[in-house]
Every structure is written in structure tokens, then in C-alpha cells.
Protein chains: 2
Amino acid sequence: MLTYFCVEMRPRDEHKEYKIRQKAIELIVAEGLDGFGVNKLARSAGVSPATIYIYYKDKEELISSICVGVAEKMMTFSLQNFSPDMDFADGLRVQWRNRLEYFMQCPLDMEFIEIMRYTHFYEKVTAMLTVNFGQVLGAFMRNAEKKQQLIPLPFEVYWAVAYAPLYQLIKFHNQGNSYVNSSFKLDDKLMEQALGLVLKALKP
Amino acid sequence: MLTYFCVEMRPRDEHKEYKIRQKAIELIVAEGLDGFGVNKLARSAGVSPATIYIYYKDKEELISSICVGVAEKMMTFSLQNFSPDMDFADGLRVQWRNRLEYFMQCPLDMEFIEIMRYTHFYEKVTAMLTVNFGQVLGAFMRNAEKKQQLIPLPFEVYWAVAYAPLYQLIKFHNQGNSYVNSSFKLDDKLMEQALGLVLKALKP
DNA sequence: TTTAAATAAGCGAATGCTCACTTATTTTTG
DNA sequence: CAAAAATAAGTGAGCATTCGCTTATTTAAA
């Protein structure tokens with residue numbers, strides 16, 4: 001943006017942009033992608049529909065931009081206190097904890113991403129995740145193999161066993177019930193239990 | 001339906017109904033739930049929009065009905081050759097194989113269900129799955145515990161570790177790539193490798 | 001210090017278009 | 001013929017987007 005070259009202009013109300021994004025996430029989580037509209041969003045955020053088009057070219061760009069923003073936030077969060085050359089069990093535990101903590105703090109973000117996952121908006125997210133996530137966690141896996149703390153495996157098999165169970169537990173928690181229990185709450189103890197099983201599977 | 005009470009009437013063209021359902025799945029997988037419309041579907045299936053409303057009350061019921069239909073088909077398929085009192089490793093292997101085979105035969109169905117999973121249409125599916133799936137697989141789990149072939153676990157932890165990795169592998173296959181590899185194909189060997197890890201995790 | 005020029009932010013009220021759904025009519029069967 | 005199936009041609013509601021305008025802010029000339 002060329003903002004700082006222009007000396008004569010009215011500054012943007014940052015709060016407005018924030019509120020638009022926040023309300024968009026809320027609306028999409030509450031009513032799904034269909035049922036989400038620009039006019040509805042404008043009313044909900046307390047701005048004019050036209051204002052939204054100052055910030056975003058069109059509906060497509062609005063949703064895309066929010067999508068990538070949330071995904072970036074999640075990724076940054078889940079790499080906190082993590083380094084690819086950590087001990088395998090410790091590193092995996094940090095990853096699990098970070099993801100769980102993020103989801104506890106921002107449950108809407110999680111649900112939002114899940115909704116977006118099977119739309120064409122998610123393609124840009126995948127591209128971003130592939131570069132950042134893949135490199136760091138790929139390195140982590142190779143290091144652990146070298147230290148003989150992890151069975152040598154194709155990346156996909158490793159990923160599926162190492163992380164998919166956690167996401168499934170979070171899904172159960174989100175929908176509040178699984179196929180047998182009518183109410184399910186994920187906590188630290190359950191997470192540790194599942195992580196224990198996963199480590200057992202992956203350690204030599 | 002009262003079809004067989006009426007003696008004078010023109011019979012329905014069963015092929016039309018089938019084609020409507022089939023094309024609906026194709027369209028939703030290709031373009032997502034947004035971008036899917038009744039008029040478009042009608043053109044694509046070679047019928048009039050009004051015809052669709054002879055079979056279904058409204059768009060909502062159309063999608064719901066297809067959703068539940070596909071889910072029922074999947075469930076039936078994945079319980080083939082399975083019984084709750086099978087040996088644990090054998091039973092789990094049958095489950096994995098069935099799911100994998102179904103997905104190989106009907107990849108569209110799989111993608112369709114994934115798209116629907118985070119919409120309100122899925123609630124009816126969850127209800128159906130809870131009753132049928134939960135009872136059979138819950139029994140399987142308890143039997144395996146009794147026979148000491150499975151560590152005692154909360155159902156959700158068991159489910160997450162036992163099945164989530166398979167679904168993740170199928171997702172990687174469907175999208176054709178993972179976070180590090182630009183092309184990924186799931187086959188029997190990879191499935192067996194992952195299943196081996198899962199069994200290692202779950203056996204005492 | 002005042003004031004006017006300049007400019008982006010912001011808005012309410014359309015606009016045209018697409019969509020789910022309906023109606024009036026024709027076709028196909030027993 | 002009777003009756004349901006099937007349709008072509010709508011209809012009106014709701015949608016994304018835009019237009020013409022006002023407001024807020026800054027700077028620089030007077």
C-alpha cells in the first residue's frame with residue numbers, strides 16, 4: 001500500500017476493519033458459507049455495504065483474506081516454543097499442547113477453518129501451509145529419525161498417525177458428542193492419554 | 001408412498017430421480033455447496049426445475065436426502081464381512097479395508113460427505129451414524145477389551161487413534177498432495193504400514 | 001491563525017441479476 | 001377419459017455490487 005506517500009487523507013478506522021473480519025467469522029460459523037452475505041455482514045458489523053468494498057475488492061477476496069489470516073495465526077501459534085531439533089516426544093507434546101491451547105482460546109477460528117477446508121478458498125491456505133509448516137515439521141521428523149527416536153516412515157503416514165487423532169478429538173469436543181457419548185469434553189488428561197498411544201506407535 | 005393404490009397414473013421415470021441425485025453429487029463436489037443451484041442441477045440432469053420439486057419438497061430436503069442416502073450406503077459398505085466379536089486386529093483390518101475400498105470405488109461420495117460434514121445438513125447423518133455405527137463398533141471395542149486384545153480406553157480416544165489416521169491418508173490421497181510431497185497416492189502397502197502402527201498403539 | 005483545497009473514508013439507496021420456487025399447460029400412461 | 005408426470009415460462013425475493021454524495025482529516029496558502 002502507498003498509504004505513507006499520501007499526506008492528505010482521512011485515516012482508516014482500524015476498529016471497523018477488525019469488526020468486519022470478526023463478524024464475518026462469527027456469521028460463517030453460525031450460518032455456514034451459504035447464508036453468509038455482504039449486506040448481512042455490513043448490518044452486523046455496523047457499516048455500510050459500500051465500506052466493505054473499500055477494504056476488499058469483492059466477496060471472494062474478503063473471504064480469502066480472512067481465511068489466510070486465520071490460518072497464519074494458527075500456524076504461528078502452533079510453532080510457539082518449538083524447534084525442529086527438539087527431542088521427539090517433547091516436540092510432539094509441544095505441538096499437541098499448542099494446537100489444543102489455540103483451540104481452547106479461539107474455538108471460532110477452529111470451526112471457521114474446518115468449514116473452509118473443503119471450499120476452493122482453502123487452496124491458498126494449503127499453499128501457505130505447505131511451505132511453512134511442511135519445512136519445519138519435515139525437518140523435525142527427519143531429525144527424530146536420525147536420533148532413532150522415531151521409526152522411519154513416509155511423511156504422510158507419520159503425519160496421519162501423529163496428528164490426526166488430536167484433530168479428531170478436537171472435532172468430538174466441538175460437536176459435543178461422539179458416536180456413543182452424548183456429551184464429550186476434551187481435557188488435558190484425555191489428550192495425554194491419546195498422545196501416549198501415538199508415541200507408543202511411533203517410537204522404535 | 002401410495003403408488004400401488006392408484007390404478008390410473010403415469011409411472012415415474014426412475015432413471016430421472018437417479019440422475020438428479022448423481023448430478024447433484026457431481027456438482028457439489030465440483031463447485032462446492034455455494035455455486036450449487038436447483039436450476040443448474042436441472043439443466044445438468046436434463047430435466048425441468050419443476051420436476052425436481054415433484055421428488056423433493058425443497059432444496060433443503062433434496063440435499064438432506066442425498067446426504068443421508070450416501071452416508072447409509074457408506075455405513076452398510078463398511079460393515080461388510082464384519083462382526084463385533086471378531087478378533088481385534090482382524091476386525092480393525094476389515095474396517096480399514098472396507099473404507100478404503102469404498103473410497104476407491106466411490107471417490108465422489110467420499111468428497112461429497114467431507115464437504116457436507118461441516119454444514120447443518122450433517123446433523124441428520126450424525127444422528128443416524130450414532131445409532132447404527134456406535135452400537136456395532138462400541139460392542140466391538142468392549143469385546144476386544146474383554147479379550148484383552150485392546151487397552152481399556154474412553155471411546156473417543158479409541159476412535160481417534162483407530163480411525164482418524166486412515167481418514168487423513170485418504171484426504172492426502174484425494175487432494176493429491178501433502179504438506180511436503182507434491183504428489184501422493186494411497187495404496188495397500190501404505191495402508192498396512194499405518195494400520196500396523198495403530199495396532200501397536202492400541203494392543204496391550 | 002484562519003480558511004480553503006484536496007482526498008480518502010464512509011454511507012444510503014439503488015441496480016441488475018441470479019436464485020429458489022410456482023403456475024399454467026402439455027404429455028404420457030392405464 | 002382420468003390422472004399423475006413433466007415441463008416451459010414465469011415471479012418475486014434476495015443477492016453482490018455500484019453510484020452519487022457527505023464527512024473527516026491534513027496541509028498549505030492567505
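Just so it is clear: chains get the letters A, B, ... in the order the sequence lines come, proteins before strands, and each one is counted from 1.
Between the Asp90(B) side chain and the Met86(B) main chain, no donor and acceptor come within less than 3.5 Å of each other. No donor-acceptor pair closer than 3.5 Å links the side chain of His173(A) to the backbone N or O of Lys185(A).
Both Pro49(B) and Thr51(A) sit near DNA chain C, but only Thr51(A) has its closest nucleotide nearer the 5' end. When each of Asp13(B) and Arg43(A) is assigned the nucleotide of DNA chain D bearing its nearest heavy atom, the one mapping closer to the 5' terminus is Asp13(B).
Put simply, Tyr55(B) has a side-chain N or O that comes within less than 4.0 Å of OP1 or OP2 on dA6(D). Within the structure, every side-chain polar atom (N or O) of Ser48(B) is placed at least 4.0 Å from both OP1 and OP2 of dA6(D).
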Could you tabulate the donor-acceptor pairs under 3.5 Å formed by side-chain atoms of residues 36-50 of chain B, not counting sequence neighbours?
{"from": "Lys40(B)", "atom 1": "NZ", "to": "Glu31(B)", "atom 2": "OE1", "distance (Å)": "3.3"}
{"from": "Lys40(B)", "atom 1": "NZ", "to": "Gly35(B)", "atom 2": "O", "distance (Å)": "2.8"}
{"from": "Ser48(B)", "atom 1": "OG", "to": "Ala50(B)", "atom 2": "N", "distance (Å)": "3.1"}

Kindly list each side-chain donor-acceptor pair under 3.5 angstrom involving residues 194-201 of chain A, sequence neighbours excluded, with atom names and distances?
{"from": "Lys200(A)", "atom 1": "NZ", "to": "Lys200(B)", "atom 2": "O", "distance (Å)": "3.3"}
{"from": "Lys200(A)", "atom 1": "NZ", "to": "Ala201(B)", "atom 2": "O", "distance (Å)": "3.2"}
{"from": "Lys200(A)", "atom 1": "NZ", "to": "Lys203(B)", "atom 2": "O", "distance (Å)": "2.6"}

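A salt bridge links Glu114(B) with Arg117(B): the distance from a Lys NZ or Arg NE/NH1/NH2 to an Asp or Glu carboxylate oxygen falls below 4.0 Å. Under 4.0 Å is where a charged nitrogen must lie from a carboxylate oxygen, and between Lys23(A) and Glu26(A) at least one such pair does.
Of the residues in residues 26-41 of chain A, none lies under 4.0 Å from DNA chain C by heavy-atom distance.
Nearest nucleotide to the side chain of Ile54(B), out of dG10(C), dT18(D), dA5(D): dA5(D). Among the nucleotides dG12(C), dA20(C), dT7(D), the one closest to any side-chain atom of Ala50(B) is dT7(D). Of the candidate nucleotides dC11(C), dT18(D), dT7(D), dC11(C) has the atom lying nearest to any side-chain atom of Val47(A).
Rounded to a whole Å, the OH atom of Tyr53(A) is 4 Å from the C1' atom of dA16(D). When rounded to the nearest whole Å, the span between CD of Glu61(A) and C1' of dT17(D) equals 14 Å. Distance Leu62(B) CG to dC19(C) P: 15 Å, rounded to the nearest Å. The OH atom of Tyr56(A) sits 17 Å away from the C1' atom of dA16(D) (whole-angstrom rounding).
Each end of the helix from dT1(C)-dA30(D) to dG30(C)-dC1(D) gets its own axis, taken as the rotation carrying the C1' atoms of four end pairs onto the next four within a five-pair window, and the two axes meet at 0° to the nearest 10 degrees.
Contacts of Arg93(A) classified as salt bridge (Lys or Arg N to Asp or Glu O under 4.0 Å), with partners at least two apart in sequence or in another chain: Glu192(A).
For the side chain to side chain donor-acceptor pair (under 3.5 Å) condition, the pairs that include at least one residue of residues 61-74 of chain A, sequence neighbours left out, are Arg21(A)-Ser65(A), Ser64(A)-Lys124(A), Lys73(A)-Asp109(A).
Cation-pi geometry between Arg99(A) and Tyr163(A) is met: the NZ or CZ atom falls under 6.0 Å from the ring centre, inside 45° of the normal.
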